[in-house]
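Down below is the structure, laid out as structure tokens.
Each ligand, and each atom within it, is numbered from 1 in the order the structure gives. Values below: all heavy atoms of this structure, side chains included; hydrogens, waters and symmetry mates excluded.
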Amino acid sequence: MNSLDERSRSCWMSETEIAHDGTLKNDVACDVVIIGSGIAGLSTAYELVQRGKSVVVIDRGAIGGGMTARTTSHLASALDDYYSELVKVHGEDSARSYFRSQAAAIDRIEAICAAENADADFARVDGYLFPAHPDDEADLEEEFACCAQLGIPVSWEDSAPIAAFDTGRTIRFADQARIHPGRYLAALARAVRHGGGHLFPDTAYVGDEETDGKVEIETEAGFRIHAAAAVFATNSPVNDRVAIHTKQTPMRSYAIAGAVPAGSVTDALYWDTLEAYHYVRLQPLGNDRDLLIVGGEDHRTGEADDMNERFDALERWTRERFPAFGEPQYRWSGQVLEPIDFMPFSGRNPGNDNIYIHSGDSGQGITNGVAGALTIAALISGEPAPFAALFEPSRKPVTSRPSLANFIEGQLGAAKNFAEYLGPGEVASEDDLSPGEGAIIRKGLHKLAVYRGEDGTLSQRSAVCTHAGCLVHWNSLEMCWDCPCHGSQFAPDGAVLNGPATRPLAAADPD
Ligand code: FES
């Protein structure tokens, strides 16, 4: 199982068929084993197969069924955290290099689509950053001046090209792009298998060992994968208890998609300036309709359970700007990891020689995933990796005031979570739960994650996350338990859906 087994469906999921090799049923050996089969994992596999490496990819659930299937796939070299903030943290040269990494990722996706005949609807489009409030114009001025200074191609427009809504003065970013992420993953997977790689779904990682320049990966079923190197490309690193997790925060984001008449909305990427900003794109349906996809309403994972209000707010915001938007056909959520210093973590895992990680995608999941894959594949192959210093996972976080404030907020979230150990449960007893509901219940000294199934049966597990001990919270949209600390997610019965946890919630301790 992975996050494909959460309840909501994105607009990509029904169309994503990815060929694979079935569950791993024996020990295997390869040059590189990759844990995670989303954009970073399959892109890394692709780049390594191109270099003649033998590759094995494993995933705890369906291949391509993790958080990549829940993105909206904006391919942006514009930065959602703003280059003006990035410069404050990392300086101009690094900010320029980061822009190049994102532009290189878009170029690479375009080249792979052409080389692999990928039917993935890749298209170059413009991107528009517009003010959410008139007061935000000063932020736009600062961002524009910074981009111009860095040599990033930007221009001013009087308004984003939204026919029925004057957004006010807007920055236009040239050469952004969009893609169908499911079909793109399918093309990568096809090419990896064609090049001799193997993809094993439903093959969960439970442990690793690095000795004598070799890495051994242990799977839940007890099989071992022997490799010269391993790459962890899971949404939140499953091989790590501390190092990376203190430098990023898990956030849930929400998206809706509904039809608009084809051609009625300019094919572009749109973002506003809210902190939990709105993001908009089109997906052609190939008939007289396009799909308009709108996201936003982010919050820290596990700290809200008012998803209907969030979807209603997204719908209201969309109709004000795009009155032709029909009924939402899709409503879903996904998780992003926000790094404290705005930059992803791609490279050698701190303390290892032959184990690599990719995480911290922020709102740039597809481009960061591909830039990370280019970096890790180059490092493994002993080639120059121009973005390696930028993405170095062991870097000490440097912060600007806003990023530090976000980080402190994140740490307070973790501290608040531990304080919950002492408080009462969310409901007094399981009798208060209707079918399909979950809640935390106190039983003596213990907190239990209790779920009542539609048929009335109860599942009772410990509410203590098996990664590092925070208390999980019920997510009524996705019908899962979310851990606010580092982003683990568990099925109603406690099975792991998303790391960093690798073990299910423990059986309830009889008191
Ligand atoms: Fe780390 Fe739950 S994800 S404690």
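- Close placement of the Phe232 and Tyr205 rings is indicated, their centers lying within 6.0 Å of each other.
- The N, O or S atom of His486 lying closest to atom 1 (Fe) of ligand 1 is ND1.
- With a 4.0 Å cut-off on non-hydrogen atoms, Ser488 touches ligand 1 through its backbone as well as its side chain.
- Classification of the His467-His486 ring pair by plane angle, with boundaries at 30° and 60°, yields perpendicular.
- Atom 1 (Fe) of ligand 1 has no N, O or S atom of Cys470 under 2.8 Å away, backbone or side chain.
- Contact check on Glu430 versus Lys443 returns a salt bridge, with a Lys/Arg side-chain nitrogen under 4.0 Å from an Asp/Glu carboxylate oxygen.
- Taking 2.8 Å as the threshold, Cys483 counts as a candidate ligand of atom 2 (Fe) of ligand 1, since one of its N, O or S atoms lies below it.
- Judged by distance alone, the side chain of Arg193 and the main-chain N or O of Gly197 form no donor-acceptor pair under 3.5 Å.
- With Ile225 as the fixed residue, the side-chain contact (heavy atoms from CB on, under 4.5 Å) test singles out one of Ile58, Val215, Asp208: Ile58.
- Residue contact check for ligand 1: Ala501 places no non-hydrogen atom closer than 4.0 Å to it.
- A salt bridge (charged side-chain N to carboxylate O under 4.0 Å, His left out) with Arg252 is found for exactly one of Glu297, Glu6, Glu303, namely Glu6.
- The atom of His467 nearest to atom 1 (Fe) of ligand 1 is ND1, with the search restricted to N, O or S atoms.
- Residue, atom and distance of the protein heavy atom nearest to atom 4 (S) of ligand 1 are Ala468 N, 3.3 Å.
- Cys485 lies apart from atom 1 (Fe) of ligand 1 in this respect, since none of its N, O or S atoms is found at a distance under 2.8 Å.
- Near Gly469, the atoms of ligand 1 lying under 4.0 angstrom from a non-hydrogen atom of the residue are 4 (S).
- A distance-only check finds no donor-acceptor pair linking the side chain of Arg461 to the backbone of Gly494 [under 3.5 Å].
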